Amino acid sequence: MSIELNTNDGQVTITNDVIATIAGGTAVECYGIVGMASKNQIKDGISEILRKENFARGVIVRQEEDHLHIDMYIIVSYGTKISEIAHNVQSQVKYTMNKSLGLSVDSVNIYIQGVRVEKD
């Protein structure tokens, strides 16, 4: 699926993979995030940290009528407050989607897939 935007200059099509990659890139920049995890852990390995080129595997983009919902599977750093990290990721992803793509995100759902000690 994709999102169609009509502008004065023409039509823009944004695929769900692009939205997922931008959302994943935004999430890993937030404090307390070790990385993205796969949404399909049985197939891809339990709590495997995804590399930059695979961020879309840790994000599900759902469109219901005119509403956009993003589900994110993340791994957090040990010793951090999980609720604050989740709230920070939610607000950053909504802000980035609005500023970079002009999309209004209705919900960002965070699924914590693991806690890891971050390596320096």
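Everything quoted here is computed from the prediction, not taken from an experiment.
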Run the side chain to side chain contact (heavy atoms under 4.5 Å, CB included) check on Thr80 and Tyr31 step by step: do they pass? CA-CA 9 Å; Thr80 56; Tyr31 173 78; 4.2 Å; yes
dist Lys81:NZ -> Asn88:CG (nearest 0.5 Å) comes out at 13.0 Å
Rounded to the nearest 0.5 Å, the NZ atom of Lys94 sits from the OG atom of Ser104 at a distance of 8.0 Å
Identify the residue among Asn98, Leu68, Ile22, Ile70 that makes a side-chain contact (heavy atoms from CB on, under 4.5 Å) with Leu103. Leu68
Using side chain to side chain contact (heavy atoms under 4.5 Å, CB included), reason through Asn109 and Arg62 one step at a time and then give a plain yes or no. CA-CA 11 Å; Asn109 303 309; Arg62 295 180 289 120; 3.4 Å; yes
To the nearest 0.5 Å, what is the distance between CE on Met36 and CZ on Arg57? 11.5 Å
Rounded to the nearest 0.5 Å, what separates atom NE2 in His87 from atom SG in Cys30? 11.0 Å
With side chains defined as the heavy atoms from C-beta onward, is the minimum distance between Ile33 and Met72 less than 4.5 Å? no
With sequence neighbours left out, the residues meeting ring-ring contact (aromatic ring centres under 6.0 Å, His included) with Tyr111 are Tyr73
Do Val89 and Tyr95 belong together in a cluster built from hydrophobic side chains that touch within less than 4.5 Å? no
Closest approach of Gly25 to Val28 (non-hydrogen atoms, all atoms of both residues): O-CG2, 3.4 Å
Yes or no on side chain to side chain contact (heavy atoms under 4.5 Å, CB included) for Ile74 and Ile112, after CA distance, side-chain angles and deciding distance? CA-CA 5 Å; Ile74 61 174; Ile112 309 298; 3.7 Å; yes
Say you draw a straight line from CD1 of Ile3 to CG of Asn16; how long is it, rounded to the nearest 0.5 Å? 6.5 Å
Crowding at CG, Asn6 (>12 non-hydrogen neighbours, <6.0 Å): yes
Check this for me: His69, atom NE2, are more than 12 non-hydrogen atoms of other residues, nucleotides or ligands nearer than 6.0 Å? yes
